[in-house]
Amino acid sequence: MDQFTPLSALGGGLLIGLSAAILLLANGRIAGISGILDGALKPGGSETSWRLAFLVGLLAAVPVMALAGYALPAVRVEATLPVVALAGILVGFGTRLGSGCTSGHGVCGIGRGSGRSIAATLAFMASAAVTVFIVRHVLGA
């Protein structure tokens, strides 16, 4: 918690919420990244352009911030490539199993008062807490 910055965290959260609200009001769509990616990858989809624009915006944010002069934190991944690949596969599987991801359920679904999204987000967070406990305290990693 040495790098806890409540004001920037609040600002980031407000921007995420504002973006999700704008997408819902303007397009009637939920800002769930897994659903947006899934729809963008489907051949012949009628809503491919806004989905691709959304995804490009996600990826372009970091380089734009760097070009604007903001200092970016160093990224350090201590896991091996096979572990990272397995983690990605598990996240993808969990996203399918949970019918969405934390952005769709946690940000948008809870904001809409969806009981299914509240239950899914509780399951995501409980799973994360158990995983961290096992990795840090049982396996000692």
Side-chain angles (χ1 to χ4, degrees), residues 1 3-141:
M1 295 284 295
Q3 303 297 321
F4 181 60
T5 55
L7 291 180
S8 63
L10 176 63
L14 289 172
L15 287 173
I16 290 170
L18 178 64
S19 299
I22 289 171
L23 184 63
L24 183 62
L25 293 172
N27 281 10
R29 299 290 182 250
I30 300 298
I33 307 307
S34 62
I36 291 171
L37 178 61
D38 182 55
L41 296 176
K42 286 185 179 172
S46 62
E47 299 183 331
T48 304
S49 59
W50 77 262
R51 293 173 187 273
L52 289 175
F54 189 96
L55 294 168
V56 167
L58 284 177
L59 296 173
V62 173
V64 168
M65 294 299 288
L67 289 172
Y70 288 90
L72 301 177
V75 177
R76 191 179 83 218
V77 179
E78 296 178 11
T80 63
L81 183 59
V83 170
V84 172
L86 177 62
I89 290 168
L90 290 173
V91 167
F93 177 75
T95 299
R96 278 291 187 199
L97 184 65
S99 298
C101 58
T102 51
S103 58
H105 285 302
V107 174
C108 301
I110 289 176
R112 293 182 300 112
S114 166
R116 190 181 86 139
S117 289
I118 292 168
T121 304
L122 287 172
F124 298 157
M125 295 299 114
S127 298
V130 169
T131 300
V132 169
F133 179 82
I134 290 171
V135 169
R136 296 240 170 119
H137 301 292
V138 176
L139 300 177

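- In terms of modelled atom types and a separation under 3.5 Å, the side chain of T121 and the main chain of I118 share no donor-acceptor contact.
- Between L23 and I36 the shortest side-chain heavy-atom distance falls below 4.5 Å.
- With values rounded to the nearest 0.5 angstrom, S19 atom OG is found 9.0 Å from L58 atom CG.
- Residues T95 and V91 form a side-chain contact, since some pair of their non-hydrogen atoms from C-beta on lies under 4.5 Å apart.
- Relative orientation of the F54 and W50 rings is perpendicular, given thresholds of 30° and 60° on the angle between their planes.
- Counting heavy atoms from C-beta on, the side chains of H105 and S114 never come closer than 4.5 Å.
- Contact detail for C101 and G32: the closest heavy-atom pair is SG-C, 4.2 Å.
- Considering CG of L122 and OG of S117, their distance stands at 10.5 Å, rounded to 0.5 Å.
- For the pair A66 and L72, the tightest heavy-atom approach, listed with the atom from each and the gap, is CB-CD1, 3.5 Å.
- Residues that satisfy the side chain to side chain donor-acceptor pair (under 3.5 Å) test with R112, not counting sequence neighbours, are absent from this structure.
- Taking NZ of K42 as the reference point, atom CD of E47 lies at 10.5 Å (rounded to 0.5 Å).
- Here CZ of R96 is found 4.5 Å from CG of D38. Values are rounded to the nearest 0.5 Å.
- Scanning for side-chain contact (heavy atoms from CB on, under 4.5 Å) contacts around L37 gives L41, L55, with sequence neighbours left out.
- Considering all non-hydrogen atoms of both residues, I33 and S103 come closest at N-OG, 3.0 Å.
- For the side chain to side chain contact (heavy atoms under 4.5 Å, CB included) test with T80, the passing option among V77, V84, V83 is V83; the others fail.
- Heavy-atom minimum distance, L59 versus P63: O-CD, 3.3 Å.
- Of all heavy-atom pairs between A20 and C108, the closest is CB-SG, 3.8 Å.
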